[in-house]
**Student:** 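Here it is, the structure, as structure tokens.
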Number of protein chains: 2
Amino acid sequence: MLKEETILNNYLRENGLKQSRTREQVMRCFLETERHLTAEELYRKVSRRFPSIGMATVYRTLGILCRAGLAEELRLQDGVARYEHKYRHRHHDHLVCSSCRKFVEVADAELERVLAELAESRGITPEYHSVVVYGTCRECSGKINE
Amino acid sequence: MLKEETILNNYLRENGLKQSRTREQVMRCFLETERHLTAEELYRKVSRRFPSIGMATVYRTLGILCRAGLAEELRLQDGVARYEHKYRHRHHDHLVCSSCRKFVEVADAELERVLAELAESRGITPEYHSVVVYGTCRECSGKINE
DNA sequence: ATTATTGCAAAAAATTTGCAAAAGC
DNA sequence: GCTTTTGCAAATTTTTTGCAATAAT
């Protein structure tokens, strides 16, 4: 049994919710994917294997996964929520190529320190943050000069 | 005449667009507000003074203001775009209280440097970024202990 | 005169919700 | 048995678009 299932089940129990096969199936599909997923993308993936599961359930399950600390919501400029694994993936931030939309994940101790100090210096106890740096990746800046 | 109008008009001319009274009115309402605004909030403000201006025009004008470098889009977790002044407001990032949703703007040279270095170290030429740190402000952490 | 802009209503896109039937405890 | 979950469809919310009328150059 996956460690993530234990975490989910603990969360459910602690919150007076019930375990269900459907939720487990959605979670498994989610965990199998290494990339960032929109709800729509996850729904398509889930549908292929479990055609009876509906979109609303995917949304509801993603909400639970976030609250249980297994998923994290990421918002870029397009207003569409993306979800990525949180458990067993240490916290990281994102660099996005503004041209090809490729992602790079970065975990940087100095950045974390600077952000924490910044919040504390303003009387805010930091909880989490969202950092996205947009720029042009090497391949795309190559293309521009061709 | 406001400096911002010149910038807007230059942008319009350079892009084969036309000046219009409506756009100027929307821009003025936008500039008068010091806070972050959603399109909806700006629309309500515009409506009060110019009841005939429609929502679609507010959206279209906000797009132009962003492209002209006068406004900047900010996205928090709720998927609603917020807009703030860019010109005459030096770049800053945001701290948000996750409890009362209050904002603090921060301009921090060290943070800027770390972000730029991070992107460059991964082969990405940084263009802009979005940093939002969520945490609990002093007032809200006080309330929790009451 | 020609081309862009506007307001409106309708469309799209993303997400949420109400509800009756089904599943979990 | 009581409570939560599910799938569906409908509702909401935010943003975009098509179009005929209007305004700008």
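Letters A, B, ... mirror the listed sequences (proteins, then strands); counts begin at 1.
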**Student:** Take atom CD of B/Gln77 and atom C1' of D/dT13, then tell me their distance rounded to the nearest Å.
**Tutor:** 18 Å
**Student:** Measure the distance from CZ on A/Phe50 to C1' on C/dA23 and round it to the nearest whole Å.
**Tutor:**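 Answer to the nearest Å: 17 Å.
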**Student:** Looking at the side chain of A/Ala56, which of C/dT15, D/dT17, C/dT17 is the nearest nucleotide?
**Tutor:** C/dT17
**Student:** Nearest to the A/Ser20 side chain among D/dT5, C/dT6, D/dT17, which nucleotide is it?
**Tutor:**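 Among the listed nucleotides, the one closest to the side chain of A/Ser20 is D/dT5.
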**Student:** Relative to the 5' end of DNA chain D, which residue comes earlier, B/Thr22 or B/Tyr83, by the nucleotide with the nearest heavy atom?
**Tutor:**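 Going by which nucleotide is closer to the 5' end, it is B/Tyr83.
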**Student:** Expressed as a whole number of angstroms, how long is the span from A/Glu40:CD to C/dT15:P?
**Tutor:** 9 Å
**Student:** Which is more 5' along DNA chain C, the nucleotide nearest A/Thr38 or the one nearest A/Arg60? Just name the residue.
**Tutor:** A/Thr38
**Student:** Any side-chain heavy atom of B/Glu41 within less than 4.5 Å of one from B/Thr38?
**Tutor:**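 Of all side-chain heavy-atom pairs linking B/Thr38 with B/Glu41, at least one is under 4.5 Å.
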**Student:** Grab the CG-P distance between A/Asp78 and D/dT15 for me, whole Å please.
**Tutor:**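 Checked: the CG to P distance equals 12 Å.
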**Student:** What is the separation between atom CD on A/Glu41 and atom C1' on C/dA14, rounded to the nearest whole Å?
**Tutor:**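 Answer to the nearest Å: 13 Å.
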**Student:** Give the ring-plane orientation class for A/His36 versus A/His92, where under 30° counts as parallel, over 60° as perpendicular and anything between as tilted.
**Tutor:** perpendicular
**Student:** Decide whether B/Thr136 and A/Glu127 meet the rule of one side-chain donor and one side-chain acceptor closer than 3.5 Å.
**Tutor:** yes
**Student:** What's the closest nucleotide to the side chain of B/Tyr59 if the choices are C/dT15, D/dT15, C/dT17?
**Tutor:** D/dT15
**Student:** Rounding to an integer number of Å, can you tell me how far A/Leu62 CG sits from C/dA14 C1'?
**Tutor:**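 Answer to the nearest Å: 13 Å.
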**Student:** Of the nucleotides D/dG7, C/dA14, C/dG7, which has the atom closest to the B/Ser52 side chain?
**Tutor:** C/dG7
**Student:** Taking the basic N atoms (NZ, or NE/NH1/NH2) and the acidic carboxylate oxygens, is any pair closer than 4.0 Å for B/Arg28 and B/Glu4?
**Tutor:**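 Here B/Arg28 does not pair with B/Glu4 in a salt bridge, since their nearest N and O are not under 4.0 Å apart.
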**Student:** Take atom CE of B/Met27 and atom C1' of C/dT6, then tell me their distance rounded to the nearest Å.
**Tutor:** 18 Å
**Student:** Please state whether the phosphate of D/dT6, meaning OP1 or OP2, lies under 4.0 angstrom from any side-chain nitrogen or oxygen of A/Arg23.
**Tutor:**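 Answer yes for this pair, as a side-chain N or O of A/Arg23 is under 4.0 Å from OP1 or OP2.
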**Student:** Closest approach to the side chain of A/Arg21, judged atom by atom: which nucleotide of C/dG24, D/dT15, C/dT15 is it?
**Tutor:** C/dG24
**Student:** Is the distance from OP1 or OP2 of D/dT6 to the nearest side-chain N or O of A/Thr57 less than 4.0 Å?
**Tutor:** no
**Student:** Among D/dT14, C/dA4, D/dC8, find the nucleotide with the atom closest to the side chain of B/Leu17.
**Tutor:** C/dA4
**Student:** When you get a sec, tell me which of C/dA14, D/dT15, D/dG7 is the closest nucleotide to the side chain of A/Val80?
**Tutor:** C/dA14
**Student:** For the pair made of CG in B/Asn15 and C1' in D/dA24, what is the distance, rounded to whole Å?
**Tutor:**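 About 17 Å, once rounded to whole Å.
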**Student:** Could you tell me if B/Glu105 and B/His91 have a donor-acceptor pair between their side chains, going purely by distance under 3.5 Å?
**Tutor:** no
**Student:** Name the closest nucleotide to the A/Lys18 side chain, picking from D/dT5, D/dT15, D/dT25.
**Tutor:** D/dT5
